[in-house]
Peer 1: 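Provided herewith is a single structure, encoded as structure tokens, for subsequent inquiry.
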Amino acid sequence: MGKTSLAPHWRRIYLSTALAVCGQTALALETVEITVQGLNDDLKSAIESASLVQTAKNDGETDPRDVMAAALAEYGRLTEILYANGYYGGVVSVKVDGREAGLIPVFNLPKQINTVTVSVDPGPAFTFGQARVAPLAPGTTLPDGFKSGAAAKSTEIQAAADAAHLAWRQAGHAKANLTGQKITADHNRRQLSADLKFSPGPKAFFGRMTQTTPSAVRSDRIARIAGFPTGTTFSPDALEVVANRLRRTGAFSSVALKEADALNPDNTLDVGLALADEKPRRFGVGAELSSLEGVGVSAFWMHRNLFGGAERFRVDGEVTGIGGQHGGIDYRLGARLEQPATFGPDTTAFGFATAAYEDEPAYISRNVDLGVGMTRIFSETLTGEIGVGVHYSDTTDVFGDREFFHLTLPLGLTWDRRNDLLDATSGSFVRAEVTPFLSLNDGGSGARAFVDARAYGALDTGDRFVVAGRVQAGTVYSDDVKDIPPEYLFFSGGGNSVRGQPYQSLGIPVGNGDLRGAQSYLALSTELRATITDTIGLVAFADAGHVSDDSLFAGEGGWHAGAGLGLRYKTPIGPLRLDVAGPISGDTGDGIQIYLGIGQAF
């Protein structure tokens with residue numbers, strides 16, 4: 001056989017038949033036999049996975065019409081799989097109870113089908129002779145598998161065309177198009193040649209963005225949030241940035257940008273914007289249980305478009321320590337208002353107010369925080385925050401009754417590269433905060449810093465086994481520890497630091513069995529997470545905590561640690577978590593502790 005010129009696009013076989021209704025109920029397909037000649041296990045696995053008659057059997061099909069439809073479509077389906085794996089001289093046979101499916105009259109089908117036999121002779125494997133795409137945009141990287149001598153997989157041709165098309169668009173040629181392709185199979189040489197030709201068209205520039213659907217958010221605010229780059233060189237990445245700015249407001253359930261079919265005479269490209277509003281109001285509740293810390297319940301209410309400008313207003317309430325064995329009941333109520341695109345499309349302004357009553361094992365604090373600030377989106381993974389506020393607290397601890405009144409300047413950076421915010425299996429997360437505080441009464445001033453870093457990695461390709469690690473570190477500085485509000489100091493122990501150790505059980509001893517908070521804190525956690533079924537997982541974990549009586553970990557301190565096992569049950573809102581832990585070092589606790597909540601521990 002010589003050269004064969006293949007169609008410009010891979011052929012798919014579509015069959016449409018009008019079949020008579022059978023008068024009696026048919027039995028399910030009993031047997032499907034698939035044989036593939038040769039020793040290529042990967043090819044055999046791909047064919048078995050793609051087989052439509054195998055899928056019909058797995059689904060328990062009973063109607064002969066459905067089984068025959070699958071058998072007739074099998075020829076085209078498996079031919080595509082052969083092409084995708086570099087085989088262009090294959091033969092596919094599909095027999096229905098011993099008769100070739102393609103020869104069975106479609107208007108005289110059997111009333112019952114018991115066995116379908118699929119036989120595939122892939123023939124010889126082809127390699128690429130010529131593998132060419134032209135012209136290419138500067139810096140285009142084609143797939144490694146699209147080159148002379150490589151396995152001639154049809155998927156590599158498609159990948160090369162996609163890569164060339166994307167590169168031209170990234171170079172500003174919005175209407176680049178594949179205008180010609182010549183694909184030839186030489187069966188004597190067992191080679192496939194592919195020659196793809198592109199027409200890049202002129203370089204394009206962004207024109208106007210036109211809103212094509214109504215929205216409860218004002219059009220001027222939509223335009224400000226989107227920050228559409230009119231007049232700049234076209235870029236698909238810039239379009240994605242515009243869409244993400246609108247999505248992250250939470251005001252829209254759907255955001256779609258559609259490019260005009262053709263460029264304007266001045267080579268500008270207009271874009272249509274279609275929006276679907278999200279429901280404006282949302283509320284949620286949560287609960288956690290610890291055998292020593294007691295029950296904690298929380299709730300929030302949120303409005304996504306408070307004044308018609310995609311402003312987000314959220315109120316949070318929390319009550320913890322209900323029935324706890326250490327300390328009393330804590331109460332917290334807070335509100336936060338955010339306005340996106342206040343100082344440019346990537347900067348959000350916010351104001352907040354929080355009031356709390358904290359009855360902790362080592363102190364009681366009645367405190368209020370008020371402030372304003374802004375959040376800057378530097379990239380999809382990096383955000384920064386700066387603010388100014390006041391912090392007032394009326395406290396009782398080992399130093400007696402005291403009042404604090406501070407001006408605060410909180411600064412924060414968040415770098416989030418997790419693949420899943422609720423149940424990460426890869427990536428990392430780092431949150432760093434620094435809060436200088438300046439006394440507005442007779443107290444002293446200082447600064448508090450805290451870092452929370454996490455990393456996740458799968459031990460297998462299916463993410464069945466995942467290792468997770470966390471480091472928390474904090475320090476607070478002031479000339480005198482008495483000038484630091486007790487809620488700014490650190491304790492170790494409990495569900496958010498060292499499981500297996502009682503809540504806030506490790507601090508700085510001050511005599512008579514009393515504790516005060518530490519000026520430095522370090523916590524280390526590691527977990528091995530194993531997925532047992534689609535919904536059930538097991539976890540083995542170990543935590544350790546350290547505190548020090550001076551800033552930057554100077555002075556005296558102590559360690560304690562805990563370890564245990566956990567059970568996870570996956571739900572749409574995150575895994576339900578049950579952890580059972582006990583102490584393994586230190587003298588701050590004994591016995592088993594139980595923690596129940598929603599979401600991974602970190």
Side-chain angles (χ1 to χ4, degrees), residues 211 213-226 242-256 273-289 295-320 322 330-342 345-356 369-377 380-381 383 385 387 412 414 416 418-424 429 431 569-577 596-600 602:
Q211 186 177 336
T213 57
S215 172
V217 181
R218 299 192 307 273
S219 58
D220 62 316
R221 290 293 299 152
I222 291 173
R224 185 175 179 86
I225 294 167
V242 170
N244 285 337
R245 286 169 177 161
L246 293 164
R247 292 186 187 110
R248 71 187 177 217
T249 65
F252 309 106
S253 61
S254 174
V255 177
L273 170 64
L275 299 170
D277 288 346
E278 185 62 270
K279 293 180 179 179
R281 297 171 184 83
R282 180 187 176 190
F283 71 92
V285 295
E288 290 193 350
L289 169 67
V295 176
V297 294
S298 61
F300 74 87
W301 177 88
M302 181 172 66
H303 198 299
R304 293 186 172 99
N305 188 30
L306 188 62
F307 302 122
E311 301 88 356
R312 179 182 298 190
F313 180 63
R314 174 166 170 151
V315 178
D316 288 88
E318 183 180 49
V319 181
T320 59
I322 303 172
D330 302 332
Y331 304 90
R332 182 176 297 273
L333 180 66
R336 182 180 174 104
L337 175 64
E338 297 180 349
Q339 182 189 59
T342 304
D346 295 315
T347 303
T348 296
F350 63 84
F352 65 90
T354 303
D369 283 280
L370 301 172
V372 295
M374 65 182 72
T375 300
R376 172 72 176 180
I377 309 294
E380 288 301 308
T381 59
T383 61
E385 191 172 286
T414 302
D416 193 346
R418 293 173 292 180
N419 66 330
D420 187 329
L421 300 184
L422 298 177
D423 191 7
F429 171 90
R431 170 70 180 174
Y569 181 80
K570 291 187 178 181
T571 73
I573 59 173
L576 295 178
R577 170 171 46 92
L596 180 63
I598 299 176
Q600 296 284 7
F602 59 88

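When reading the values below, keep in mind they use all heavy atoms of this one structure, side chains included, and skip hydrogens, waters and symmetry mates.
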Peer 1: How many angstroms lie between atom CG of Leu333 and atom CG of Asp316, to the nearest 0.5 angstrom?
Peer 2: 8.5 Å
Peer 1: Excluding sequence neighbours, so at least two apart, what forms salt bridge (charged side-chain N to carboxylate O under 4.0 Å, His left out) with Arg336?
Peer 2: Glu338, Glu385
Peer 1: Salt bridge or not for Arg332 and Asp330, using N-O below 4.0 Å?
Peer 2: no
Peer 1: Might you point out which heavy atoms bring Leu370 and Ala353 nearest each other, and give the distance in Å?
Peer 2: CD2-CB, 3.4 Å
Peer 1: Counting heavy atoms not belonging to Arg282, are there more than 12 under 6.0 Å from its CZ?
Peer 2: no
Peer 1: Could you give the distance from NZ (Lys279) to CG (Asn305), rounded to the nearest 0.5 Å?
Peer 2: 16.0 Å
Peer 1: Determine whether a donor-acceptor pair (N or O, by modelled atom type, separation under 3.5 Å) exists between the side chain of Gln211 and the backbone of Thr213.
Peer 2: yes
Peer 1: Between Arg248 and Asp346, does at least one N-O distance fall below 4.0 Å, as a salt bridge requires?
Peer 2: yes
Peer 1: Which atom names give the shortest non-hydrogen contact between Ile573 and Ile598, and what distance separates them?
Peer 2: O-CG2, 4.0 Å
Peer 1: Quick one, Asp423 and Lys570 - any side-chain contact, counting heavy atoms below 4.5 Å?
Peer 2: yes
Peer 1: Quick check: closest heavy atoms across Pro340 and Ile225, and the distance to 0.1 Å?
Peer 2: CG-CD1, 3.9 Å
Peer 1: Take Glu288 and Arg577 through the side chain to side chain contact (heavy atoms under 4.5 Å, CB included) test and state the conclusion after the steps.
Peer 2: CA-CA 9 Å; Glu288 290 193 350; Arg577 170 171 46 92; 3.5 Å; yes
Peer 1: Do Arg218 and Arg224 have side chains that approach each other closer than 4.5 Å (heavy atoms only, starting at C-beta)?
Peer 2: no
Peer 1: Between Thr348 (side chain) and Thr375 (backbone), is there a donor-acceptor pair under 3.5 Å?
Peer 2: no
Peer 1: Could you please spell out the steps behind the side chain to side chain contact (heavy atoms under 4.5 Å, CB included) verdict for Phe350 and Arg312?
Peer 2: CA-CA 9 Å; Phe350 63 84; Arg312 179 182 298 190; over 6 Å; no
Peer 1: Applying side-chain contact (heavy atoms from CB on, under 4.5 Å), can you list everything that pairs with Phe307, at least two apart in sequence or on another chain?
Peer 2: Glu311, Leu337
Peer 1: Side chain to side chain contact (heavy atoms under 4.5 Å, CB included), that's the test. Do Leu246 and Leu273 meet it? Break it down for me.
Peer 2: CA-CA 11 Å; Leu246 293 164; Leu273 170 64; 3.9 Å; yes
Peer 1: Rounded to the nearest 0.5 Å, what's the gap from CG on Asn244 to OG1 on Thr249? Could you check?
Peer 2: 11.0 Å
Peer 1: How close do Ala341 and Arg221 get, heavy atom to heavy atom, and via which atoms?
Peer 2: O-NH1, 3.7 Å
Peer 1: Measure across Pro575 and Leu422 and return the closest heavy-atom pair with its distance rounded to 0.1 Å.
Peer 2: CD-O, 3.8 Å
Peer 1: List the atom of Phe313, the atom of Leu306, and the distance in Å for their closest heavy-atom pair.
Peer 2: CB-CD2, 3.7 Å
Peer 1: According to side chain to side chain donor-acceptor pair (under 3.5 Å), who are the partners of Arg376, at least two apart in sequence or on a separate chain?
Peer 2: Thr347
Peer 1: Any side-chain heavy-atom pair from Thr383 and Asp416 closer than 4.5 angstrom?
Peer 2: no
Peer 1: Under the side chain to side chain contact (heavy atoms under 4.5 Å, CB included) rule, what do Phe252 and Ile222 come out as? Steps first, then yes or no, please.
Peer 2: CA-CA 11 Å; Phe252 309 106; Ile222 291 173; 4.2 Å; yes
